[in-house]
Amino acid sequence: KKYSISTKTFFISDYLIYFMKVSIVIPVYNSEKYLVKCLESVINQTYENKEILVVYDDSQDKTYEILNEYRDKITIIEKNSGSETKAINDGIDAMTGDWFMYVGSDDILFPNAVEELICESNRINNLNLILYSNYDVIDSSGKILRKFIEPNYNHLKKNDLDVILLDHYFGNFSCSLINKSLFDKFGKFDESISALVIDYDLWLRFVILHECRLHLFPKTLFQYRQQNNSVTQTNVDQCIKEAENLIPKILSKLSFERRSDYEQKLKKYKRNKPLKYKIKLAIRNILFIFLPPSSRKFFYNAYLSRKSF
């Protein structure tokens, strides 16, 4: 038997996936400027079996007043979390769904974002996945700066994919879909490290230590807002250093044989990179270290919007 859901038609086996609840976690703190657009995009998803958990940290603007206007459609979790990482973990603790999705309070989901990822998870039929998508980078006014197309590594063997992840972060945290069982088995986000690298740390732990896999859904599903005062842009050099420090920490938890195997393959991967890439990477690192913060932001914007460094 077939069922019509949204604009698509599915067989009964696919229909069953719609019994899986998705918990969308949105941490908010002084988020009034873009919060309405974010909430509207999440509430109006074509996928109906969802809960929206907004973790509210005491704010000095009108964030709470805005949340109250949507109280019948969202769940407000009032916490004095003190950090976004703690707020995300508080959301995970409160979720009743089968799947977790993080959305930044200034991000905008396309209407079918949740439905597309849930259907993809059903097609693959593997809970040990972190699903992510392409996205648009927008500025504070909503203007599209760039359509960000993620490299598609889905065809690679897991070991080859792991080596790329050890070399550099890929994927994206916003709008990613993760099964709740992975947090239950392998832990939540590490609150002891900088919020700049909590997603990369989780990727490495789940993928390298616990045999999970990153999987790209090759469509654009959301808009990521790039702001001049964002934490990442303000701490570019710190972000690079902390990301690099994660690698030996993760590898140290493996057996000697596995660690040695990864280290050898990682060296080979770095050695075989095109010279053009190595030169750009060296220039980027030098600029980030020696330029004043205001100039670092400029080059970081270029890196994000064009990957030119």
Side-chain angles (χ1 to χ4, degrees), residues 5-6 17-118 121 131 133 135-136 138 140-142 172-181 183-184 188-189 191 195 198-199 221-225 227 229-231:
I5 301 172
S6 185
I17 199 67
Y18 281 78
F19 288 103
M20 307 290 279
K21 181 191 283 187
V22 177
S23 299
I24 303 172
V25 175
I26 310 173
V28 296
Y29 174 73
N30 290 340
S31 305
E32 66 175 2
K33 190 172 183 180
Y34 306 108
L35 185 55
V36 170
K37 289 185 178 180
C38 173
L39 291 176
E40 290 286 347
S41 75
V42 175
I43 291 169
N44 294 320
Q45 288 294 299
T46 57
Y47 192 85
E48 295 182 358
N49 192 9
K50 62 183 182 296
E51 62 177 356
I52 303 168
L53 306 175
V54 181
V55 185
Y56 171 79
D57 206 338
D58 191 27
S59 301
Q60 287 74 52
D61 63 4
K62 295 182 180 180
T63 295
Y64 196 75
E65 288 87 335
I66 294 172
L67 294 180
N68 267 326
E69 296 176 7
Y70 293 90
R71 189 173 283 275
D72 62 327
K73 298 177 180 179
I74 65 175
T75 299
I76 303 173
I77 303 171
E78 298 185 40
K79 293 277 189 178
N80 186 19
S81 299
S83 74
E84 185 175 25
T85 308
K86 179 68 164 59
I88 294 168
N89 284 339
D90 287 338
I92 293 173
D93 289 338
M95 64 182 280
T96 62
D98 306 285
W99 293 90
F100 162 87
M101 177 181 286
Y102 164 86
V103 176
S105 61
D106 52 2
D107 295 338
I108 300 173
L109 298 187
F110 290 170
N112 61 342
V114 176
E115 181 178 357
E116 292 277 23
L117 289 176
I118 283 291
S121 72
L131 292 98
S133 70
Y135 56 95
D136 292 338
I138 61 175
S140 57
S141 68
N172 52 76
F173 185 28
S174 290
C175 195
S176 58
L177 192 70
I178 305 173
N179 195 269
K180 172 67 160 53
S181 64
F183 295 115
D184 295 335
K188 296 174 292 185
F189 292 92
E191 297 174 23
I198 58 167
D199 47 351
L221 296 184
F222 73 102
Q223 293 182 321
Y224 168 79
R225 196 178 302 273
Q227 300 187 61
N229 61 347
S230 70
V231 174

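This is a predicted model, so every value here is computed, not measured.
- For Glu115 (side chain) and Gln45 (main-chain N/O), no donor-acceptor pair under 3.5 Å exists by modelled atom type.
- Test Ser23, Cys175, Ser176 against Met101 for side-chain contact (heavy atoms from CB on, under 4.5 Å) and you get one pass: Cys175.
- Scored by the ring pair (Phe, Tyr, Trp, His ring centres under 6.0 Å) test, Phe100 finds Phe183 as partners (sequence neighbours excluded).
- Residues that satisfy the side chain to side chain donor-acceptor pair (under 3.5 Å) test with Glu78, not counting sequence neighbours, are Tyr64.
- Taking Thr63 as the reference, Asp61 meet the side chain to side chain donor-acceptor pair (under 3.5 Å) condition, with sequence neighbours excluded.
- With sequence neighbours excluded, the residues that form a side chain to side chain donor-acceptor pair (under 3.5 Å) with Asp107 are Ser174.
- Between the side chain of Ser59 and the backbone N or O of Asp57, at least one donor-acceptor pair lies under 3.5 Å.
- Annotation: salt bridge (charged side-chain N to carboxylate O under 4.0 Å, His left out) contacts of Asp136 (sequence neighbours excluded): Lys147.
- Applying the ring pair (Phe, Tyr, Trp, His ring centres under 6.0 Å) test to Tyr70 and every residue at least two apart in sequence or in another chain returns nothing.
- Of the possible donor and acceptor atoms, none in the side chain of Glu116 sits under 3.5 Å from a partner among the backbone N and O of Leu221.
- A donor-acceptor contact shorter than 3.5 Å is absent between the side chain of Asn49 and the backbone of Val22.
- Counting only residues at least two apart or in different chains, salt bridge (Lys or Arg N to Asp or Glu O under 4.0 Å) contacts with residues 93-104 comprise Asp93-Lys188.
- Checked against side chain to side chain donor-acceptor pair (under 3.5 Å), Asp72 has no partners two or more places apart in sequence or in another chain.
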As a quick check of understanding, evaluate side-chain contact (heavy atoms from CB on, under 4.5 Å) for Arg71 and Ile76, giving each step before the final call.
CA-CA 7 Å; Arg71 189 173 283 275; Ile76 303 173; 3.5 Å; yes

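- Applying the side-chain contact (heavy atoms from CB on, under 4.5 Å) criterion to Gln60, with sequence neighbours excluded, gives Tyr29, Asn30.
- In this view, Lys86 and Asp90 satisfy the salt bridge (charged side-chain N to carboxylate O under 4.0 Å, His left out) rule, not counting sequence neighbours.
- Checked against salt bridge (charged side-chain N to carboxylate O under 4.0 Å, His left out), Lys180 has the following partners two or more places apart in sequence or in another chain: Asp184.
- Taking Phe173 as the reference, Tyr102, Phe189 meet the ring pair (Phe, Tyr, Trp, His ring centres under 6.0 Å) condition, with sequence neighbours excluded.
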